[in-house]
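Pasting a structure here, questions to come.
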Amino acid sequence: MSRKNTYTEQLDQLLDACLQELLGMPAEQVLAGENAEVVKARAVDRLNRAAAEAGRRRLAAARARVQARASTARPAGLRISATDARAYIHRAAQGRQHTLAARNLDEMSDEDVLRIYSQMIELEGERSADDDDPGTAS
Amino acid sequence: MTAADRLPQGEVRRILDEMDGVQWKQAEHLARVAARGVAGMEGEDLLLEACTVLLGGRRRYPPGEHPLVVLKTLMRSLASNARRSAWAKGLNPNVSVEPEPSEDDQEESGMRALAGGAVDRVSPEDEILDKEQLDAVLALHGGDAEEEAVLVAWALGMRGTEAMEMAGLDAKGYDAVRNRLRRKLAPFMPKGRNS
C-alpha cells in the first residue's frame, strides 16, 4: 500500500476515513435523534436556496462579461474610419440585419459609432460560425 | 475536459434531490468536520456553498460518483480556499481575494502553470494551511490519547487492522475507540432541534 504523508494528503485521508465511518453507521446513529423527514425538508430548502444563489451568480458573471466586453470593445484596432463605419451601420439597418434607430446615427459620437460597428462585426462573425456549424439547430 | 466527464446540471440537481434524509445528515456531519478550523464558517455554510457551486456548474460532477464523495471533495476544497482567503486577508486586509474559480478556470490556470514549468500545484502555503486544518480535525479527540492515535492512523491512510495495530489497540479497544469517534462525528441532537 502506498502511503501519502504530506499534510494535504493526510487531511484528505482523514476526511475520507470520517466519510467511511459515517457511511458505515446505522441510520439511527447517523440521524442522532433527528427525524429523517425533517433533515430531508431542510435539505430541500438548502438546495432551493443554493439554486437561487447559483442563478444570481451566473447572472452577475454574465453582466460582468458584458461590461468587460463593452469596456474593451473600443475598436482601437479597427482599420476603418468613423464615416465608413457609419455608412456600414446605415446599410445594415436598411437591410434589416440589425435593429437600429438609424435616425440617431448621425448624432452619435465617432467612438460610439466605431464601437457599434465592432459589435456588429463580432455579431456577424458569431452568426457565420453558427451557420457553419452543422450541429446548430436551425 | 469533455462533456462525458461531467453531468448536466439538471442531472446534478436530480441526484441531490434523490438523496434521502440519512444521506443529508451524513453530509451535514461531514460538513461540520470539514469546516473545523475555518474561521467564521459553520458546517451549514460550507454545505450550502458546496450545493451552490455544484448547482451552478462551477465544479464538475463525475458521472457515477457517490454524491457524498462529491460533496466531501468539494467541501474540503472550499474549506481550504476559505482558509487561504482568510490567511491572505490576515497578511494584508486590503488584499482582494479572488472568488472560488470554476474548475474550467482552474484547469486553464493549471495548464498555464504546466506550460510555464511550475508542476507542483501544492504550494508551501497550502501545506501550512492544510496542517492547521488537519490539526483542527484531529482535535476531534478532545484530549483522548486513544482517539488521537486512531485519528492519526486514519490520517496516514491506515484502516482496519493496520490502524488498530498502529494505535496500539486490540480489536475490542479499537472498536470502542471507533464508537466514541463515531459519536463525535454524529453527535446526538436533542429532539427539540427537530422543529
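Sequence lines set the chain letters: A, B, ... in the order given, protein chains first and strands last, and positions in each chain run from 1.
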Item to complete: Taking all non-hydrogen atoms of both residues into account, name the closest pair between B:L30 and A:C18 and its distance.
Response: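 That would be CD1-CB, 4.2 Å.
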Item to complete: Look at A:D12 together with B:R76 and state whether they make a salt bridge at an N to O cut-off of under 4.0 Å.
Response: yes
Worksheet item: Would you say B:L185 and A:L23 are hydrophobically clustered, going by side-chain heavy atoms of ILVMFWY under 4.5 Å?
Response: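 Yes: a chain of side-chain contacts under 4.5 Å links B:L185 to A:L23.
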Item to complete: For B:A136, check side chain to side chain contact (heavy atoms under 4.5 Å, CB included) against everything at least two apart and list the hits.
Response: B:R36
Worksheet item: Among A:A27, A:A50, A:A41, A:A36, which has the most heavy-atom pairs under 4.5 Å with chain B?
Response: A:A50
Discussion item. Test your reading of the model: is there a side-chain donor-acceptor pair from A:E37 to the backbone of B:G21, 3.5 Å cut-off?
Written reply: no
Fill in: Heavy-atom contact with chain A under 4.5 Å, split by part of B:D135
neither
Practice prompt. Counting only heavy atoms closer than 4.5 Å, note whether B:E28 contacts chain A via side chain, backbone, both or neither.
Written response: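 It is the side chain, since no backbone atom gets that close.
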Practice prompt. Could you have a look at B:L47, B:V33, B:L68 and say which one has the most heavy-atom pairs with chain A under 4.5 angstrom?
Written response: B:L47
Discussion item. Please determine whether a side-chain nitrogen of the Lys or Arg among A:E28 and B:K25 lies less than 4.0 Å from a carboxylate oxygen of the Asp or Glu.
Written reply: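 Not counted as a salt bridge, because no side-chain N and carboxylate O are separated by less than 4.0 Å.
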Practice prompt. Check whether B:V69 gets within reach of chain A through its side chain, its backbone, both or neither, counting any heavy atom under 4.5 Å.
Written response: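 Both backbone and side chain.
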Worksheet item: Taking the side chain as C-beta and beyond, is there a heavy-atom pair between B:W154 and A:L15 under 4.5 Å?
Response: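 No, every pair of side-chain atoms sits at 4.5 Å or beyond.
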Worksheet item: So which heavy atom on B:R182 is nearest to which on A:P26, and how close?
Response: NH1-CD, 4.4 Å
Worksheet item: Side chain, backbone, both or neither: which part of B:R13 has a non-hydrogen atom closer than 4.5 Å to chain A?
Response: side chain
Discussion item. With a sphere of 6.0 Å drawn around OH of B:Y174, does it hold more than 12 non-hydrogen atoms of other residues, nucleotides or ligands?
Written reply: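 Yes, enclosed.
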Item to complete: Find out if a path of hydrophobic residues (ILVMFWY) with successive side-chain heavy-atom gaps under 4.5 Å connects B:M41 to B:L48.
Response: no
Fill in: Top contributor to chain A interface from B:T52, B:L140, B:L138 [non-hydrogen pairs under 4.5 Å]
B:T52
Worksheet item: Checking salt bridge (charged side-chain N to carboxylate O under 4.0 Å, His left out) for the pair B:K72/A:D16: CA distance, chi angles, key distance, verdict?
Response: CA-CA 8 Å; B:K72 182 261 305 175; A:D16 282 344; 2.2 Å; yes
Discussion item. Can a donor-acceptor pair be found, under 3.5 Å and without considering hydrogens, that links the side chain of A:K40 to the backbone of B:M19?
Written reply: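 Such a contact is found between A:K40 side chain and B:M19 backbone.
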Worksheet entry | Most chain B-contacting option - heavy-atom pairs closer than 4.5 Å, from A:Q29, A:M25, A:Q20, A:E53 |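 Heavy-atom pairs under 4.5 Å are most numerous for A:M25.
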Worksheet item: Ignoring hydrogens and geometry, is there a side-chain-to-backbone donor-acceptor pair from B:H29 to A:V30 under 3.5 Å?
Response: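 Indeed, once roles are kept as given, a pair shorter than 3.5 Å links the two residues.
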Worksheet entry | Results of side chain to side chain donor-acceptor pair (under 3.5 Å) for B:E147 - residues two or more places apart only |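 Residues passing side chain to side chain donor-acceptor pair (under 3.5 Å) with B:E147: B:R180, B:K184.
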Practice prompt. Using non-hydrogen atoms and a 4.5 Å limit, figure out which bit of A:R58 sits close to chain B: side chain, backbone, both or neither.
Written response: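 For A:R58, the contact with chain B is made by the side chain alone.
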Practice prompt. Flag the pair B:R159 and A:E21 as a salt bridge only when some basic side-chain nitrogen lies within less than 4.0 angstrom of an acidic carboxylate oxygen.
Written response: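 A salt bridge is present here (some side-chain N lies under 4.0 Å from a carboxylate O).
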Worksheet entry | Common cluster, B:L156/A:L19, ILVMFWY with side-chain heavy-atom separation under 4.5 Å | yes
Practice prompt. Taking all heavy atoms of B:L55 and all of A:A54, pick out the closest pair and write down the distance.
Written response: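 So the minimum-distance heavy-atom pair works out to C-CB, 4.1 Å.
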Fill in: OG1 on A:T8 to CG on B:L134, rounded to 0.5 Å
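Result: 9.5 Å between the selected atoms.
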Worksheet item: Do you know the tightest heavy-atom contact between A:G33 and B:F188?
Response: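 Closest approach of A:G33 to B:F188: CA-CE1, 3.6 Å.
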Worksheet entry | chain A contacts, top residue of B:H66, B:Q23, B:E44, B:R183 (heavy-atom pairs, under 4.5 Å) | B:E44
Item to complete: Heavy atoms only: give me the nearest A:Q13-B:A155 pair and the separation to one decimal.
Response: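 Taking A:Q13 first and B:A155 second, the nearest heavy atoms are NE2-O, 2.7 Å.
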Worksheet item: When rounded to the nearest 0.5 angstrom, what is the spacing between OH in A:Y7 and CD1 in B:I128?
Response: 10.0 Å
Worksheet item: For B:L54, is it the side chain, the backbone, both or neither that has a heavy atom under 4.5 Å from a heavy atom of chain A?
Response: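 Contact with chain A: none, neither part.
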Item to complete: Kindly give the heavy-atom pair with the smallest separation between B:C51 and A:R46, and that separation in Å.
Response: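 For B:C51 and A:R46, the tightest heavy-atom pair comes out as SG-CD, 4.2 Å.
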Fill in: Part of B:M75 within contact of chain A (heavy atom distance under 4.5 Å)
neither
Item to complete: Under 4.5 Å heavy-atom distance to chain B, tell me which part of A:D45 shows up: side chain, backbone, both or neither.
Response: neither
Worksheet entry | Side chain B:Q26, main chain A:L22, donor-acceptor under 3.5 Å | yes
